[in-house]
Amino acid sequence: MDVRVIYCLLFWAAHFFLAMPYTSPRVLGNESKTGYEQDACINLIPCQDNGAICIQPCSPSFHGETSFVCEDRKWQMLSDACASLDVQSLFQRISQSELPCSGGHLPFLGGGKLGPGKLGDGAKHFGAGNHSCQADFSCIIPDILSSPAIPGNIADIVELLKKISLLLSENVTRGKMQSYSRIANHILNSSIISNWAFVKDKNAGSILLDSVNLFAGKLLLRNGSESIQEPFIATKGYSIHRNTSGKSFDFSMEFNSTGNITGHVVIPEQELLRLPRASKAISVAFPTLGAILEMNRLDPAVVNGMVLSVSLPEELQSVLLTFEKLNKLEQVGAQCVGWHSAERRWDPRACQVRAHNASAVVCVCAHRRRTYGAFSILMAPAVPRSSLLDYITRVGLGLSILSLVLCLVIEALVWQHVTKTEITYMRHFCLVNIAASLLVADVLFILAAIVHNAALNYQLCVAATFFLHFFYLALFFWMFTLGLLILYGLLLIFFKITRSVFLVAAFSIGYGCPLVISVLTVAITEPKNGYLRSGACWLNWYETKALLAFVVPALSIIVMNLIVVVVVVVKTGRSSLGEGCKSQDLSSMIRVSKNVALLTPLLGLTWGFGLATIIDSCSLAFHVVFALLNAFQGFFILLFGTLLDRKTREALRMNCFSSRRKWGLEKS
């Protein structure tokens with residue numbers, strides 16, 4: 001028998017079986033549910049068991065079913081699959097081509113619903129040779145636009161668009177893309193977003209996004225460009241090659257009755273230089289898809305801008321995206337994200353905030369077509385804004401800087417008097433570098449805030465963060481050097497090091513280690529746009545955990561210095577200690593130990609609350625305590641490192657007395 005005849009017989013047999021009526025069981029727990037129990041879903045008669053499911057057939061003019069779940073002794077709608085569209089018939093009308101059996105395509109067999117009497121309508125159009133409909137899909141538009149955008153129809157339209165993208169996406173002309181966009185626009189309308197909550201397939205929004213991206217990516221460009229605009233979906237495309245300047249796409253679209261929302265896509269010129277040949281770039285904008293995608297997430301994230309998808313050649317690695325905020329309140333933060341197609345979630349690793357102000361966010365996003373289907377911005381938990389917090393930070397930083405300057409001035413005045421032995425020289429040398437490191441870090445902290453608030457330059461923010469990281473680390477490593485000095489004075493009493501050896505070792509630890517850590521951190525994370533955190537010139541935490549390059553060394557040094565303090569307590573408690581070292585050196589070691597014992601817990605407590613602000617970023621109490629401790633670190637160093645040291649006070653008193661005496665002699 002001819003193969004074509006067998007194919008035709010199989011084809012009509014499939015139609016026959018799909019046309020047979022089928023009634024699915026109505027289930028409550030493990031029992032069938034029919035008749036009166038089904039009516040209970042509509043009449044909302046109190047149900048008995050929370051979590052029980054009631055499935056109810058649709059009215060005669062619709063096919064499908066509605067599911068209800070028992071919550072608080074009431075039936076709540078779970079999903080609504082009632083639909084009025086016959087998507088099989090619609091697909092048949094646009095898919096006629098080269099297959100046998102009256103010259104038609106294999107009909108749309110999966111994903112939709114066929115009921116009694118539906119086959120005749122499909123067969124009527126099948127083989128009709130409607131070539132104009134094949135050319136632009138326009139013949140199915142009236143049926144779709146006249147149908148209500150109820151959850152069941154939304155699900156069927158999503159399935160229809162998916163089938164078109166998979167099977168009919170060759171040679172996507174402007175006409176096809178226009179029809180495709182009009183179909184998608186019907187279910188993306190802002191007025192029916194709430195209906196998506198009852199679509200049976202909770203991944204329908206993600207499936208729609210993937211389908212649109214697949215179809216739009218094959219759009220043919222006329223004269224090097226194309227632009228197709230619907231109220232709730234817009235597609236633009238350009239021909240690109242390495243010799244063109246940077247390309248950009250601008251979108252301004254309606255979000256709701258309150259007004260429009262804008263988006264901007266830029267392909268940097270340096271990225272275009274990667275292209276080996278002429279290619280094309282396609283971008284699709286969805287002002288309402290963000291609300292649809294977040295609706296069925298277990299951990300809903302609030303999308304605060306339009307969703308932009310970008311289809312680029314594989315050679316291009318990144319793209320710049322500008323999103324206008326929906327919520328423009330000053331205290332609302334922003335996080336740039338990409339939609340992970342496989343995991344169906346927003347992924348913060350895809351993008352990095354480049355600039356941010358009250359009305360818009362600029363993101364730099366990695367282009368990985370197979371990983372990220374689109375990009376947008378989320379509302380990020382912002383640092384609580386408080387006049388008290390701002391006041392503490394400003395006053396504290398001012399007092400800290402003043403205290404550190406005073407500390408360095410005092411050290412300069414008494415230097416000759418307090419550095420007569422090797423131990424005292426090393427102690428005061430470490431103290432001066434601790435104060436200098438924190439002073440520079442405080443000044444950089446102010447500059448970083450200015451750079452960020454003015455959104456002056458991304459590179460400036462990177463530079464400020466690098467030096468902040470370096471000098472804060474230097475503060476801790478000089479504290480570590482002070483701890484090693486104690487161990488040297490107590491445990492290696494018969495091993496003397498020269499001043500030059502100490503200086504080399506101290507600079508290697510105090511500045512060399514921070515430099516290595518800072519350089520490695522920026523070298524590893526910056527190429528992936530993971531160096532800076534969103535909304536601040538400081539190390540990233542949520543995406544790359546770059547902040548660990550500061551937290552781990554700092555907390556490790558705090559722990560080691562606390563161990564040193566314990567060693568000091570044990571050693572000084574032994575009566576034999578005085579037999580092995582000079583009483584002057586012992587006195588110096590005890591003074592150094594007091595510095596470490598007081599400053600180490602303060603630094604540890606400060607950055608412990610710093611970690612707490614990351615874990616619970618919305619807690620005003622944590623931010624206030626951290627601001628207090630952080631801002632007054634300079635005052636603590638002046639108090640415990642200088643003013644409370646007996647030798648320093650004596651030297652300062654002698655210096656003042658000699659100056660007063662000299663002034664009195666000159667006056668006389």
Side-chain angles (χ1 to χ4, degrees), residues 330-331 382-414 428 430-456 460-461 463-476 478-479 514 533 535-539 550 554 595 598-614 617 619-645 648-649 652 656:
E330 184 180 353
Q331 64 268 28
V383 175
R385 302 304 303 171
S386 166
S387 56
L388 173 64
L389 185 60
D390 291 340
Y391 180 79
I392 290 172
T393 302
R394 290 169 184 166
V395 173
L397 274 175
L399 181 61
S400 181
I401 291 173
L402 182 63
S403 300
L404 291 168
V405 171
L406 185 59
C407 177
L408 293 175
V409 170
I410 292 174
E411 286 294 325
L413 291 174
V414 302
H428 284 275
C430 291
L431 185 62
V432 166
N433 281 278
I434 288 171
S437 297
L438 184 56
L439 177 61
V440 176
D442 283 346
V443 173
L444 285 171
F445 183 87
I446 296 172
L447 293 177
I450 294 173
V451 169
H452 168 67
N453 289 338
L456 294 176
L460 279 178
C461 198
T465 302
F466 173 82
F467 286 109
L468 262 177
H469 185 202
F470 171 74
F471 282 105
Y472 272 132
L473 279 178
L475 165 68
F476 282 94
W478 278 106
M479 285 290 297
R533 68 178 299 178
C537 290
W538 185 230
L539 298 172
F550 170 71
N595 293 154
L598 290 169
L599 290 177
T600 297
L602 284 172
L603 290 175
L605 195 62
T606 298
W607 292 102
F609 276 100
L611 278 179
T613 62
I614 295 173
S617 60
S619 172
L620 181 61
F622 284 155
H623 282 277
V624 169
V625 175
F626 175 64
L628 275 171
L629 294 173
N630 186 47
F632 288 91
Q633 282 182 109
F635 177 73
F636 296 148
I637 290 174
L638 172 66
L639 181 63
F640 298 119
T642 302
L643 298 181
L644 293 183
D645 181 67
T648 302
R649 291 199 308 272
L652 190 60
C656 291

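One is the number of the first residue; the rest follow in order along the sequence.
- Using a 4.5 Å cut-off on side-chain heavy atoms (C-beta onward), L643 and T648 make no contact.
- One finds the CG atom of L628 at 8.5 Å from the OG1 atom of T393 (value rounded to the nearest 0.5 Å).
- L439 CG to L475 CG: the interatomic distance, rounded to the nearest 0.5 Å, is 11.5 Å.
- In this view, Y472 and W607 satisfy the ring pair (Phe, Tyr, Trp, His ring centres under 6.0 Å) rule, not counting sequence neighbours.
- Judged by distance alone, the side chain of S400 and the main-chain N or O of G396 form no donor-acceptor pair under 3.5 Å.
- Using a 4.5 Å heavy-atom threshold, the side chains of Q633 and D442 count as separate.
- With sequence neighbours left out, V395 forms a side-chain contact (heavy atoms from CB on, under 4.5 Å) with Y391.
- The minimum heavy-atom distance between W538 and H469, with the atom names listed, is CZ3-N, 3.9 Å.
- When every heavy atom of F445 is checked against every heavy atom of L397, the shortest pair comes out as CD2-CD1, 3.5 Å.
- Heavy-atom minimum distance, L408 versus A435: CD2-CB, 3.9 Å.
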**Q.** Pair L638-L402, side-chain contact (heavy atoms from CB on, under 4.5 Å): steps then yes or no
**A.** CA-CA 10 Å; L638 172 66; L402 182 63; over 6 Å; no
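- Among all heavy-atom pairs drawn from P514 and L473, the shortest one is CB-CB, 3.7 Å.
- Of all non-hydrogen atoms in L468 and A448, the two that sit nearest each other are CD1-CB, 4.0 Å.
- With rounding to the nearest 0.5 angstrom, the CZ atom of F471 is 12.5 Å from the CH2 atom of W478.
- Surrounding CZ of R394 are at most 12 heavy atoms belonging to other residues, nucleotides or ligands under 6.0 Å away.
- Once rounded to the nearest 0.5 Å, the distance linking CG of L406 with CD1 of I401 reads 13.5 Å.
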Q. Checking side-chain contact (heavy atoms from CB on, under 4.5 Å) for the pair T642/V414: CA distance, chi angles, key distance, verdict?
A. CA-CA 10 Å; T642 302; V414 302; over 6 Å; no
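- In this structure, CG in L431 is found 5.0 Å from SG in C407, a value given to the nearest 0.5 Å.
- Residue L652 holds its CG atom at 10.0 Å from CD of E411, rounded to the nearest 0.5 Å.
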